[in-house]
Every structure is written in structure tokens, then in C-alpha cells.
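Everything quoted here is computed from the prediction, not taken from an experiment. Every chain is numbered from 1, with letters handed out A, B, ... down the list of sequences.
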Amino acid sequence: MSGPQHHISATVVRALARRAQPWSAFGLAAAVVGAVAVSPDPYLHATAARMLPLAVLTVSVAVVTGHAGLPTLGQVAPYAAGAYATARLALAGTDLALLHLLAAAGAGAVTAGALGALLVRYRATVFLMLSLAVAELTAITAAQWRTVSGGTDGLAGIPAPRLLPGLPPLTADRTVLLYTAAVAIAATAAAITLLDGDRRTLLAAVRANEARASASGHQVTAYLWTAHTGAGALAGIGGALLIHTHRWITPADVGFTTAALALLAVVIGGATSLPGAAAATVAVLAVRDVVGASLPGHAPLLLGALFVTAVYLLPGGLTALSARLASLPIHRRRPTLHTPEGPDQPVTRSTP
Amino acid sequence: MDAYLIPAVDGVAYGLLLAIAAAGLTVAFGAGGVLNLAHGTLIAAGGYVAAATSSGTWPSLAAAVALAAGVGAAGGGVLAAATAALQGRGHLDQALLTFGVALVGADLLTAAYGSDTLRPRLPEVLEATVRIAGHRYPVDRLAVLGVAVAVVAAGYVVLHRTRAGRLIRATVDDRAMVAGIGVNPRLVDAAVLVAAGALAGLAGALTTPILGVGPHTADTALLLSLIIVVCGGLGSVPGALTAALAVGVVQTVGVTSFPALAPYLLIGAMAVVLLARRTSLPAGASA
């Protein structure tokens with residue numbers, strides 16, 4: 001096999017690996033959740049369950065940042081909309097989990113759609129800057145709109161949801177963990193499915209060369225707005241899970257720190273990898289909670305240091321790191337392609 | 001009458017302070033493409049240093065202002081070194097880096113100065129009020145207004161009448177041309193970040209007598225500066241000055257007239273400006 005063919009087959013292998021990776025990631029996620037659920041420690045169950053709402057928010061940030069190419073801190077707005085919609089429904093006596101999730105997804109989509117109508121005209125750092133304003137405004141609104149949010153005291157004593165009418169409410173730590181993990185994994189899988197095929201290619205084209213995509217007749221702004229709105233629905237579901245796992249909410253839960261943490265996890269996880277983003281959230285939260293326990297009150301310090309480290313050490317995120325490591329042997333062998341007796345040597349590398 | 005006149009004068013004073021703070025941010029973005037999200041932290045650092053140094057005497061006040069500017073410049077230098085290492089990695093990575101620095105800086109400032117709102121002790125003359133044309137007005141605000149006007153005027157002269165200022169404006173317009181006349185544009189970037197830091201520290205020091213400085217100062221200052229930079233057109237100093245005055249007046253008059261709506265007034269005004277002038281943020285501003 002000659003050099004270019006080798007290159008093409010290596011690309012195909014890598015593309016296949018990328019395609020297979022999300023689904024193997026789900027197997028891994030299910031195994032980890034199963035292992036945690038089997039353990040007898042309710043504290044572990046509760047801790048794990050409480051990480052998952054933020055993981056869903058991070059997946060939504062990864063859709064906007066990685067796929068739409070718009071780095072955002074503003075997804076806390078649909079997250080907050082979903083959370084407060086769920087909290088209000090539950091406090092009003094509607095306790096069906098499915099209704100909560102649908103209402104939260106709707107509230108998130110409407111919020112993100114309205115914000116997106118203004119925001120998606122802008123790109124890169126300008127978008128980041130505007131989304132920062134959105135994040136600040138979300139916390140301010142949550143603190144000021146007392147009739148909905150309960151002010152800075154927040155809402156407490158929110159009733160637990162039920163899966164079906166007549167079933168007992170979801171209060172046991174293990175049940176909550178299994179329910180939350182199922183919703184989180186399903187939401188991430190839905191996002192990956194919706195972002196596959198032509199849509200993935202179109203968004204990649206918009207990211208790579210917007211002028212050319214636009215000149216080819218694609219409605220670039222409409223695509224970005226759709227992705228932003230869909231990500232809003234996802235963030236809204238994350239907000240519903242926040243209520244279902246914590247059963248209280250304060251404006252600080254939907255504030256700037258949450259937005260920063262989600263963006264950090266996306267930077268670490270690799271912007272276009274949705275499972276990578278979710279895994280990075282769990283990792284960051286674990287580091288924050290384990291290391292943060294020895295430095296009480298200094299979570300921002302730790303978060304900031306992680307941010308600086310991630311920017312310097314992980315360009316492209318963890319997923320890019322694994323791709324870089326995977327490509328190293330190929331790079332080392334490549335010179336042999338150009339030696340006279342070389343052509344048949346790398347063939348072994350190119351077969352799967 | 002007093003209900004609107006006094007806040008309006010306050011607003012102009014506040015706007016000039018915001019202009020001092022935002023001018024550095026907008027030039028740093030226009031020249032080197034560094035969106036410095038740690039800018040608010042530098043303003044807060046200047047405010048804290050000034051509040052801790054000023055002890056009610058004139059020499060301590062002078063030392064406070066100088067120290068605040070120095071701390072800001074040092075912070076700007078650190079940011080210049082940190083972002084220079086990321087050259088060629090795109091604007092987004094630089095923005096994320098400064099964001100991390102901002103989080104670390106905010107935590108260190110709270111650890112060093114506590115979580116209360118601090119106010120500096122000023123010389124007694126400045127703590128009094130005067131009557132001007134029948135209106136009572138605090139002397140310290142008048143002094144801040146005067147200093148702010150002087151700094152803005154000096155900034156204008158430096159930017160338009162000196163070689164350094166011309167180089168900075170040239171770097172905003174055309175980096176390649178600046179490199180072509182034998183000046184390293186990256187050196188200009190670094191110098192701009194240091195100068196922007198000094199101005200941020202100075203703005204922080206001048207703001208503390210009026211607003212105090214606390215854990216929320218950095219966030220608020222950054223948000224207002226970003227709004228000013230976006231509304232004023234990225235990289236434009238006159239635009240930033242205009243936008244800063246508008247923001248200052250909206251903030252003060254809005255807060256006294258419609259307290260609950262003040263944050264939305266500002267964001268609403270920004271949305272209107274952005275929608276009305278869609279072309280003011282060119283695609284070239286992206287990473």
C-alpha cells in the first residue's frame with residue numbers, strides 16, 4: 001500500500017474510532033454509575049447524583065462552544081429557566097418527573113432562543129464577552145425576581161418528583177442517582193444523535209470557513225441559532241435535574257461560578273466531545289470537592305488555577321490529547337515511507 | 001431638580017472613571033486581540049491597595065494612588081507575559097487564560113483584604129461638602145471628577161500627540177505596517193497591557209472613595225467595562241469615552257430613579273446599540 005492510501009485508511013480508522021467512542025463512553029458511564037449505585041454508601045450516591053445536573057449543562061455548553069464554535073458562559077440562563085420552571089411546578093403540586101423535564105426543556109429552549117436571536121450574530125471573543133453579560137444578568141435576575149426565585153434566600157423544601165402517578169416520590173439517594181444518570185445519559189445520547197451526520201458536517205463547515213459556507217447557500221445564522229436553542233433545551237433539562245437532586249435552589253447555583261465551571265470542563269474535555277465534556281465536569285467537581293475540602297472557601301482559587309493549567313497544558317482538551325498520543329507512532333513511522341525500501345513497511349499500521 | 005442634577009453629575013464622574021478603566025481594555029483588544037477578562041480584578045486590586053494605604057493624610061493619599069497604579073501595571077505585566085506565551089493559539093485561549101487569572105486574583109484579594117466593603121480614609125478637606133450654585137455636593141466627588149478629567153485629557157494627548165500613542169493607534173489599525181517600520185507589534189501589545197493595567201489600578205483607586213471596594217467590585221467593573229468596549233466599538237478610545245459617559249449616567253440616574261430596573265436598563269441599552277449598529281463589530285474581530 002502506498003503512502004497516500006495509508007494516510008486515507010488511517011483517517012478512516014480514526015473516524016471510525018471517533019464514531020465508536022461516544023457509544024463506548026456511554027457503556028463506561030453506565031458501568032461507573034452501576035458501580036457507584038452498588039456501593040452501600042448513601043453519601044456517595046448523593047454526591048454522584050449532584051454532579052450530573054452540571055454535567056448536562058456542560059454538554060450543552062460543549063454543543064454551543066465546540067459544535068457551533070461560539071464560546072459561551074451564557075448557558076446558565078436556560079439552565080436557570082429550567083430549574084426555576086421545575087421548582088415552581090413542583091411547589092404548585094405538579095410532581096410528574098416527565099412533565100418537569102418537558103417544561104424545563106421548553107423553558108430552556110425559549111430562553112436560549114430569545115438570547116440567541118441577539119447573540120448568534122457575533123463570533124468568538126465578542127460572543128464570549130456578551131455571554132458573560134448574560135451570565136451576570138441571570139444571577140441578578142434570579143436574585144431580584146422574588147416572586148419566582150424567592151430572592152437571595154432561594155427556594156427550599158421543593159417536593160420530590162414521581163416517575164408515574166401513584167409511585168412513591170424519588171427521595172432515596174440510590175433511586176435519585178439511577179434516575180438522574182438515566183436522564184443525563186439519555187439527554188447526552190439524544191444530543192449526539194441530533195448532532196451526527198449532515199448536521200455535524202454543516203456545523204463543522206460553518207466553524208472552519210463561515211464565508212464559504214454562507215456563499216454555498218447555507219443559512220449560517222439559522223444553523224447556529226438552532227444549535228444554540230437546542231442546547232438551551234438541554235441546559236433546561238440540566239436545570240430540572242438540579243432541582244430533582246438538590247430540591248432547593250439559590251441564585252448562586254445559576255451564577256457566574258457555575259458558568260465558569262461548565263466552560264472550564266468543556267475546555268478540559270475537548271470542545272467537540274460531548275461525553276468528554278461530561279466526564280471532565282465530574283473530574284473537575286471531584287477535584288474541587290476533594291482538594292477544596294482542605295482549602296475551605298477557596299474554590300475560585302482552585303478553579304482559576306485549573307483554568308490556567310488547562311489552557312497551557314491541554315490545547316484542544318483531553319480528547320485532543322488522546323488523539324495526539326494516538327498519532328505519535330504514525331508520525332514516528334512516517335519517515336520510513338520516503339525510504340526506498342519503505343512502501344510495504346507501514347501497511348501493518350493502516351489495517352484495523 | 002436636585003433629584004436628577006446630582007445623580008447626573010455623579011454619572012459624569014463615574015463615566016469618566018469607567019472611561020479610564022475601559023480605555024486600556026479596548027486598546028488592548030484592538031491592538032493585540034487580548035480580551036482581558038482579568039481587567040476587573042486589576043481595578044479591584046487598585047481599589048483595595050488604595051483603601052488600605054490612604055490613612056487620612058495627603059502624602060498617604062498620593063502614595064495610595066501611585067501604589068494602586070503600580071499594582072495595576074505589575075498585574076498588566078504579568079498578564080502580558082502570560083498571554084505572550086500563547087501567541088499563535090488564538091484569541092480565545094488568551095481570554096480563557098485571563099479568566100483563570102481573574103478567578104485566582106479575586107480569591108487572593110478576598111483572602112488578603114477580607115470580604116467587607118472597604119473605604120479609604122481621606123484628608124478632612126475632602127470629606128466635607130460644598131455649596132455650588134445652591135446645590136450641596138461632596139468635595140471628594142468633585143476632586144475625583146477633576147482628576148478624572150485631567151487623566152482623560154492626558155490620555156488624549158499621549159494617544160494623539162506622542163510617538164508612543166501613534167504607535168499604539170497604528171497597531172490597532174494595521175499590525176503588519178507597524179512591523180514594517182521596524183517596531184515589534186508584540187512589544188506594543190505588552191506595553192499596552194501594562195499601561196492598561198496602570199489605568200485600571202488608577203481607576204480603582206479613584207472609585208473607592210465613592211463606591212468602596214468589595215468582593216463584587218471586580219465583577220461589576222469588568223461587566224461595565226465590557227459593555228463600554230462593545231458599545232463603543234472594539235479598539236476605539238473615543239467610542240469608549242462616549243459609551244462610558246452614557247453607562248455612568250444610566251447607572252447613577254437609573255439606580256436612583258428605577259432601582260430594580262438599573263441592570264436591565266444598561267443591558268437593554270447595549271442590546272439596542274448592538275442591534276442598531278450591527279456592522280460595528282467586524283468579522284476581523286473574531287479569533
Can you tell me which portion of [X] sits under 4.5 Å from chain B's heavy atoms? Options are side chain, backbone, both or neither.
{"X": "A:Leu263", "answer": "side chain"}
{"X": "A:Thr309", "answer": "neither"}
{"X": "A:Tyr312", "answer": "both"}
{"X": "A:Ala260", "answer": "both"}
{"X": "A:Leu128", "answer": "side chain"}

**Q.** side chain to side chain contact (heavy atoms under 4.5 Å, CB included), paired with B:Leu193, selected from B:Thr83, B:Thr98, B:Val188, B:Val78
**A.** B:Thr83

Q.
Name the residue from B:Leu118, B:Thr207, B:Asp116 that meets the side chain to side chain contact (heavy atoms under 4.5 Å, CB included) definition with B:Val213.
A. B:Leu118

Q. A:Leu224 and A:Val64: side-chain contact (heavy atoms from CB on, under 4.5 Å), yes or no, with the steps?
A. CA-CA 8 Å; A:Leu224 295 181; A:Val64 179; over 6 Å; no

Which one wins on heavy-atom pair count under 4.5 Å against chain A: [options]?
{"options": "B:Asp219, B:Thr220, B:Val101", "result": "B:Asp219"}
{"options": "B:Asp107, B:Leu103, B:Leu222", "result": "B:Asp107"}
{"options": "B:Ala111, B:Ala82, B:Ala102, B:Ala106", "result": "B:Ala82"}

Q | CZ-OG1 distance between A:Arg88 and A:Thr147, expressed to the nearest 0.5 angstrom | A | 7.5 Å

(Q) Treating A:Arg121 as the side-chain partner and A:Thr221 as the backbone partner, does any N or O pair qualify as donor plus acceptor under 3.5 Å? (A) no

**Q.** B:His39 side chain vs B:Ala196 backbone, donor-acceptor pair below 3.5 Å
**A.** no

Q. Is it the backbone or the side chain of B:Leu97 that comes under 4.5 Å from a heavy atom of chain A, or both, or neither?
A. both

Q) Are B:Asp10 and B:Val249 side-chain neighbours, meaning at least one heavy-atom pair lies under 4.5 Å? A) no

